[in-house]
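One structure below.
Quick caveat: nothing in here was measured; it's all calculated off a predicted structure. Heavy atoms only: backbone and side chains are in, while hydrogens, waters and symmetry mates are out. Just so it is clear: chains get the letters A, B, ... in the order the sequence lines come, proteins before strands, and each one is counted from 1.
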Amino acid sequence: MIEIAGTHPSDPLDAKRALALLARADHQTLKQVWDGLPAKPQFRKIRGPEVGLVMVKGRIGGGGDPFNLGEASVCRASIETDAGVIGHSYRLGTDKAAAELGAVLHALWQSDDHRQHIESTLLSPVEKRAEADARTRSQQTAATKVDFFTMVRGED
Amino acid sequence: MYVAVKGGETAIANAHQLLADRRRGNRELPAIAIEQIVEQLALSVDRVMAEASLYDRSLAALAVKQSRGDLIEAIFLLRAYRTTLPRFGTSEPIDTARMQIERRVSATYKDLPGGQLLGPTFDYTHRLLDPDLLHDTPVEAPAGRTDADEPVMRVSEILAGEGLIEADGELPADHVAGDLTREPMEFPMTRDLRLQALARGDEGFLLALGYSTQRGYGRTHPFVGEIRIGLVDIELDVPELGFAVSLGEILVTECQMVNQFKGSAKASPQFTRGYGLVFGQSERKAMSMSLVDRALRTQEFGEDVVAPAQDEEFVISHCDNVQATGFVEHLKLPHYVDFQAELDLVRRMRAKHAQPHDHQEAAE
């Protein structure tokens, strides 16, 4: 979707995309990418990993004024690498280890040395999988679309 | 005066041990896994999330397992867990217009942009028990179709184009959405607070109230404009980053109920609306919620409150099944002293009753 060569941590759109994909990467994928790193950075925890809640808002009538629908569990973590880069991660659910891995990988994504690697081994595959899943779901739903036909009765 | 009575520790410990045994059941059968509950009892999980007002599939499944499938107990467990957690913030309002749609039907238009998408529905099944499910019979992969990629327009937008229906729902400009989990309930309530209460309200209670409006107890002449079920993105504004971060997707069900007209000397008649939005896949709940939402707008439309479903304080005060079960079930806890007092009272009344002459004199 987005040019890999063009991704840049200071571009909010790229940063949003990276964090969204880190939030969608499952624990196993994050672990594999971490285990596969040629050199693992040292880091210290700044905050968390910790589990908390986010109040999810809806809109009256779908597009009107907001109301509080209910909460969702969220796990977050912030770390700082030895190189002084701060990484954050926010994801639905209560998987603290995944949140911490996400924050470390977010920090690596921000450093020029690692960005390509994180992009090609993690962000890009997760994005492709999410798009493929969405496409499959949408095609399965489309197969349940009703095609109406009209029965002509009698003569006019 | 309270008299502390101690005892029962051993009985309680043994009762809990017995509960654990009965929950596990026959040890020759494999224990049910949380993932199996999430995957195969998904609608129980959805109900627990909706009424606990906490979206987390794994925790809801754990609650279902721990409660032996008693869903109100599971809801109670998840509500209790929620109180142990800090709140990180409030999401951006979810955008159901951009939902990844799993099901979408309208009862008001046959041919509408996006079409009627039946999705994984029980509708049109014959409701015959399926003996195949007695065994682990292989299930075919669902069919796919690639030619239908039309945007799925809201039915309310179709009607709004002609001005035939009221707007989505606006509150005063300076109004901040209230939160029942932070502020005590006060009546009368604004519609945002009512919707929060209904979204976490008991499905059975709202179903019965919605049904009562159809049977004439506060009629609102409803049509299902649209039901849609699907995934929506959750975004949280994160101050340290300076922008909203996507946390992932959640499944929700939305119902747009179209109801009969309201107009005035100044405004032309137009359809009114009821709205339902629920965590997970639950159109029964979303439909009931939208019927009750519309019924509770009675006074806003200058109609008379004549039926239970229109009585805000009655509906909102009794729709929470954790509160309801707490108060009903507390009756089984020891009331020995209260009951002694009542016993004493009824004995004295009976003694008085046995002397009718004296009683009459006393009365004179």
Can you find a side-chain donor-acceptor pair between S246(B) and R24(A) that sits under 3.5 Å? yes
Do M55(A) and R182(B) have side-chain heavy atoms sitting under 4.5 Å apart? no
Between K110(B) and F148(A), is NZ or CZ placed under 6.0 angstrom from the six-membered ring centre and within 45° of the ring axis? yes
Taking side chain as everything from C-beta outward and backbone as N, CA, C, O, which of these in F243(B) sits under 4.5 Å from a heavy atom of chain A? Side chain, backbone, both or neither. side chain
Could you tell me whether the side chain of R273(B) and the main chain of G61(A) form a donor-acceptor pair under 3.5 Å? yes
At a 4.5 Å cut-off on heavy atoms, which part of Y55(B) comes close to chain A: side chain, backbone, both, or neither? both
Whatever's closer than 4.5 Å to a heavy atom in chain A on I234(B) counts as side chain
Examine whether an atom of V105(B) lies under 4.5 Å from a heavy atom of chain A, and if so say whether it belongs to the side chain, the backbone or both; otherwise answer neither. neither
Can you tell me which portion of Q116(B) sits under 4.5 Å from chain A's heavy atoms? Options are side chain, backbone, both or neither. both
Toward chain A, the part of Q256(B) with a non-hydrogen atom under 4.5 Å: side chain
Under 4.5 Å to a heavy atom of chain A? For L193(B) that would be neither
Okay, A167(B) and chain A: the region with an atom under 4.5 Å from a heavy atom over there is neither
Which portion of A130(A) sits near chain B, non-hydrogen atoms under 4.5 angstrom: neither
Give the member of L247(B), V278(B), L241(B), L85(B) that has the highest number of heavy-atom pairs under 4.5 Å with chain A. L247(B)
Option in A72(A), A15(A), A20(A) with maximal non-hydrogen atom pairs under 4.5 Å from chain B: A72(A)
Residues K57(A) and D192(B) bridged, charged N to O under 4.0 Å: no
Considering only heavy atoms and a distance below 4.5 Å, find which of L22(A), V54(A), V146(A) pairs most often with chain B. V54(A)
Test T94(A) against Y81(B) for side chain to side chain contact (heavy atoms under 4.5 Å, CB included), laying out the working first. CA-CA 12 Å; T94(A) 56; Y81(B) 172 76; 3.9 Å; yes
By a 4.5 Å heavy-atom criterion (distance strictly below it), what part of L231(B) contacts chain A: side chain, backbone, both, or neither? side chain
For chain A, which of G115(B), A199(B), G169(B) has the most heavy-atom pairs under 4.5 Å? G169(B)
For residues D65(A) and L171(B), report the shortest heavy-atom separation together with the two atoms involved. OD2-N, 2.5 Å
Could you tell me which portion of R135(A) (side chain, backbone, both or neither) has an atom closer than 4.5 angstrom to a non-hydrogen atom of chain B? neither
Based on non-hydrogen pairs under 4.5 Å, which of S156(B), S58(B), A244(B) is most in contact with chain A? A244(B)
Shortest non-hydrogen contact from L53(A) toward R82(B): CD1-O, 3.6 Å
Picking from V252(B), D95(B), D293(B), L236(B), which has the most non-hydrogen pairs under 4.5 angstrom with chain A? L236(B)
Could R47(A) and E240(B) be called an ion pair, given the rule that one side-chain N must be under 4.0 Å from one carboxylate O? yes
With the threshold set at 4.0 Å, does a side-chain nitrogen-carboxylate oxygen contact exist between E254(B) and R59(A)? no
Option that, when pairs with chain A are counted at under 4.5 Å, heavy atom only, ranks first among R154(B), E166(B), M257(B), R200(B): R154(B)
Y90(A) versus chain B, the contacting section by heavy-atom distance below 4.5 Å: both
Give the intermediate values and the outcome of side chain to side chain contact (heavy atoms under 4.5 Å, CB included) for residues F88(B) and E50(A). CA-CA 10 Å; F88(B) 292 162; E50(A) 57 185 349; 3.7 Å; yes
